[in-house]
Amino acid sequence: MRRSRLARELKVAWAIAAKDMKIYYLRTPSLMFGILFPFSMFLSFVIGRNMPISRAIPVLVAQTVFFAASTIGPVSIPMERRLQTFDRFLSAPVSLLTVLLGKTIAGFIYGVGISLIPVVLGLSIFNSQITDLVALSLGVALSAFGFAAMGIMFASLPGQGPGQVMMPLNFVRIPLLFVSGVYVPVKDLPSWGQMASAASPLTHTIELVRLGLGGESFFEPAVNVMILAVYAVVFLLAGMRFHISNQKRE
Amino acid sequence: MMDAIALQGLTKNYGSLTAVDHISFNVEEGEVFGFLGPNGAGKTTTIRMLVGLTTPSDGSATVAGYDIIGDIVEVKRRVGVVPEASNLYDELSVWDNLLFTSRLYHVPKDELPGRVRNLLETFKLHERRDTKFGKLSKGLKRRVVIAAALVHNPRIVFMDEPTSGLDVVSAMSLRRLIRDLRMEDITVFLTTHYIEEADQLADRVAIIVEGKIIVVDTPESIKQSFRGEPVLEAHLSRIPDNSMIRELEPAGRVELRGDMVRIEVESLTEAIESLSRMVSQRGIQITDVNTHHPSLEEAFVAVTGVSPELMRIEKEGRR
């Protein structure tokens, strides 16, 4: 009985994800904050610098999975609240966890899909090589899931539009870029910077992606994987908690 | 017969504001139950509690025999909800919207296409199945939303202002649909600010004002209990002036509505005699005359002190 209920809930989560993919992937805020933003930041970082491509491609991969995955939730949930389509989920016999899982899956797929672009570019044009497929796959997949859940968590903030959620989200996302070994490798940071870096989930994304594309990792890969997995669970559960609190207030 | 819906002291507070104040009533299986009240009376809040969109502050209720607090998932499995907003996805087609809603309600996969097809036929939406929801007229959107509420064959449907904002033809068509639901013994819990709509459709009506239930009864009983005087309405060939109205006032309370004179009378005989005398002295023709007992609208005004016309204007203004 429990297995069939789980299967039913997963089917509903998938239906929600598929619906979100159809409706929100090509929306302007998704394209702007999910694709244009990371690519623009990357270009502003590399143009004029004498940076080896081998170092640049992992940065772009990490940035795109970070921004793309965490953008879909903050676009879809506030819009659905404003149009009252979110009430459809709340009045249907599905758990809030299922709904949030579905939206996380939508963000996950977006994050993985968009981050494949720089990987393919690197492999086809810039002679990048995948030296550790497991590290690269785990890095991208765990990060996409975790950052999608992070987006869902921020989407629990009260607000009528995506902009009102994107502002506090970017207030967190942008500083994270600077303490996560994205622009300056962790090994080159001062000791306090390395400590701060260890606490950031994005650090472990860039570490695994660098390892996967022929670079080095400052932390043990197992540590990177574990921390990303923990963050994914924490973000999903925190997101659910905040959404339940919102519902109780209504 | 088991009650489809039973409320006992149901209450909702928002801080110091009591939106719904210890209301209690029952709705029988298979009846159309009208829930009337001015704007802000607590109608939508009551529905939101009964379908699990918000938790009550106090009291209890059962829907389809299940407690709305302890067994809300079971409640949600058994009810359909037609909210005031047509809240389906503009970017999806009618077909895709109904399919998606079916999945939310765990309609078995092999039954999905058949059910959706039947609904499209029943609601005459088949030709629009591939049209994006956002491109439909208001009336068609409401039909799709009602179809979506029935996708899992619920025996109880909650409708919040289903005909609000619709043109006359669309509203009539929707009222016919609601009557058809009643023919299938589906319990319909309906909020509306169109008093005459409740009069036409509802088996029983509850009037709520400032969160409190004022009366629960059949429309006919409510009309009878609030005013006994019959009403005489006469259309005249000329709009009467003030002197003519003063002449009619001894017969009862006189109201002028365009070319119609309306008199709430104690004695129909006296009223007819006064009217005949007045028109023959002034050479005016009576083009139409009828008598009736007070309407539900008049009873509503007597109970709440709120004009239905004002309610409609406020509603349209909020849209």
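The chains referred to below are lettered A, B, ... by the order of the sequence lines, with proteins before strands, and numbering in each begins at 1.
Chain A forms the most heavy-atom pairs under 4.5 Å with one residue out of B/N87, B/V79, B/V81, and that residue is B/N87. Counting heavy-atom pairs under 4.5 Å between each of A/L83, A/I23, A/V99 and chain B puts A/I23 at the top.
Looking at B/T101, only its side chain comes within 4.5 Å of chain A, counting heavy atoms on both sides. With a 4.5 Å cut-off on non-hydrogen atoms, B/D90 does not touch chain A at all.
Classified by interplanar angle (parallel below 30°, tilted 30° to 60°, perpendicular above 60°), the ring pair A/F89/B/F100 is perpendicular.
In this structure the side chain of B/L88 reaches within 4.5 angstrom of the side chain of A/R88, judged on heavy atoms. Contact of the B/H106 side chain with the A/V94 side chain is registered, since non-hydrogen atoms from C-beta on lie closer than 4.5 Å.
Under a cut-off of 6.0 angstrom, the local environment of CD in B/E91 is crowded, with over 12 non-hydrogen atoms contributed by other residues, nucleotides or ligands. More than 12 heavy-atom neighbours from other residues, nucleotides or ligands sit within 6.0 angstrom of CZ on B/R129. Residue B/E111 places its CD atom among more than 12 non-hydrogen atoms of other residues, nucleotides or ligands, all under 6.0 Å distant.
Heavy-atom neighbours of chain B within the stretch residues 140-155 of chain A, taken at a separation under 4.5 angstrom, are nonexistent. Within residues 14-22 of chain A, the residues having any heavy atom closer than 4.5 Å to a heavy atom of chain B are A/A15, A/I16, A/K19, A/K22, listed by residue number. Using a 4.5 Å cut-off between non-hydrogen atoms, no part of residues 61-74 of chain A approaches chain B.
Separating the CG atom in A/L90 from the CD1 atom in B/I72 is a distance of 11.0 Å, to the nearest 0.5 Å. Atom OG of A/S91 and atom CG of B/L50 lie 13.0 Å apart (nearest 0.5 Å).
Residues meeting the side-chain hydrogen bond (donor to acceptor under 3.5 Å, both in side chains) test with B/R103, sequence neighbours left out: none.
Between A/Q84 and B/A85 the shortest heavy-atom distance is OE1-CB, 3.7 Å. Scanning both residues, B/V73 and A/P93, for their nearest heavy atoms gives O-CB, 3.9 Å.
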